[in-house]
Student: 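Sharing a structure, written as structure tokens. Questions coming.
Start at 1 with the first residue, then count along the sequence. In what follows, every heavy atom counts, from backbone to side chain, and hydrogens, waters and symmetry copies are set aside.
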Amino acid sequence: MRTISGREINIKANQSKRTFTIRVKGAKYRTYPMNTDEFTSCENNTANDWQQFLNNTCDYYKVK
């Protein structure tokens with residue numbers, strides 16, 4: 001999916017761990033485990049929502 005600015009963001013959900021893997025420009029990030037309601041809500045996020053998430057929270061870490 002693409003943001004309004006054209007940045008490509010790929011998201012993969014892990015249902016059992018309730019985490020998301022976010023790939024942006026060769027970098028890979030993973031969210032910390034979420035509660036069920038938060039995870040369900042994030043499943044509907046757009047590329048711009050994920051960009052906001054990366055810019056405005058610390059609820060993820062970089063995966064090597």
Side-chain angles (χ1 to χ4, degrees):
M1 62 177 84
R2 290 192 183 277
T3 64
I4 290 173
S5 63
R7 189 175 193 187
E8 183 72 26
I9 296 180
N10 294 309
I11 307 298
K12 191 171 220 177
N14 183 324
Q15 299 284 332
S16 63
K17 293 183 180 178
R18 291 192 313 268
T19 62
F20 292 93
T21 301
I22 307 163
R23 293 179 187 257
V24 182
K25 288 187 178 181
K28 184 176 174 182
Y29 305 97
R30 185 160 296 128
T31 64
Y32 291 110
M34 300 177 178
N35 65 46
T36 304
D37 292 336
E38 187 178 20
F39 183 82
T40 302
S41 174
C42 286
E43 286 184 306
N44 298 317
N45 280 1
T46 65
N48 290 322
D49 294 332
W50 285 112
Q51 183 64 54
Q52 284 285 107
F53 178 87
L54 292 173
N55 290 339
N56 297 323
T57 72
C58 296
D59 296 335
Y60 63 92
Y61 57 95
K62 189 168 186 173
V63 178
K64 295 179 183 180

Student: Is it true that the side chains of T40 and D37 contain a donor and an acceptor less than 3.5 Å apart?
Tutor: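 D37 and T40 do not have a side-chain donor-acceptor pair below 3.5 Å.
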Student: Find the distance between CG (N10) and CZ (R2) and round it off to the nearest 0.5 Å.
Tutor: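 These two atoms lie 9.5 Å from each other.
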Student: Please report the shortest heavy-atom distance between Y61 and Y32, naming the atom on each side.
Tutor: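 Answer, listing the atom of Y61 first, then Y32: CD2-CE2, 3.5 Å.
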Student: If you look at every heavy atom in F20 and A13, which pair is closest and at what distance?
Tutor: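 Smallest heavy-atom distance, with atoms named: CE2-CB, 3.6 Å.
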Student: Under the side-chain contact (heavy atoms from CB on, under 4.5 Å) criterion, do N55 and F53 qualify, and how do the steps go?
Tutor: CA-CA 6 Å; N55 290 339; F53 178 87; over 6 Å; no
Student: For side-chain contact (heavy atoms from CB on, under 4.5 Å), just list the numbers for Q15 and E43, CA-CA rounded to whole Å, side-chain angles, deciding distance to a tenth of an Å, and then say yes or no.
Tutor: CA-CA 10 Å; Q15 299 284 332; E43 286 184 306; 2.7 Å; yes
Student: How many angstroms lie between OG1 in T19 and CG in N14, if you round to the nearest 0.5 Å?
Tutor: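 That separation rounds to 4.5 Å.
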Student: Is there a path from L54 to M1 through hydrophobic residues (I, L, V, M, F, W, Y) whose side chains come within less than 4.5 Å of each other?
Tutor: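 Yes, L54 and M1 fall within the same hydrophobic cluster.
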Student: Go through N45 and I11 one step at a time and tell me if the side-chain contact (heavy atoms from CB on, under 4.5 Å) criterion holds.
Tutor: CA-CA 10 Å; N45 280 1; I11 307 298; over 6 Å; no
Student: Mind listing the closest non-hydrogen atom pair of Y29 and K62 along with its distance?
Tutor: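 Result for this residue pair: CD2-CA, 3.8 Å.
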Student: For W50 and V24, run side-chain contact (heavy atoms from CB on, under 4.5 Å): C-alpha distance rounded to whole Å, both residues' side-chain angles, the deciding distance at 0.1 Å, then the answer.
Tutor: CA-CA 10 Å; W50 285 112; V24 182; over 6 Å; no
Student: Looking at T31 and I22, what are the two nearest heavy atoms and their distance?
Tutor: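 Minimum heavy-atom separation between T31 and I22: CG2-CD1, 4.1 Å.
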Student: Step through the shown structure and confirm whether more than 12 heavy atoms of other residues, nucleotides or ligands are within 6.0 Å of CZ on R7.
Tutor: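 Check passes, neighbour count above 12.
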Student: Checking the side chain of R18 only, and the main-chain atoms of M34 only, is there a donor and an acceptor separated by less than 3.5 Å?
Tutor: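 Present.
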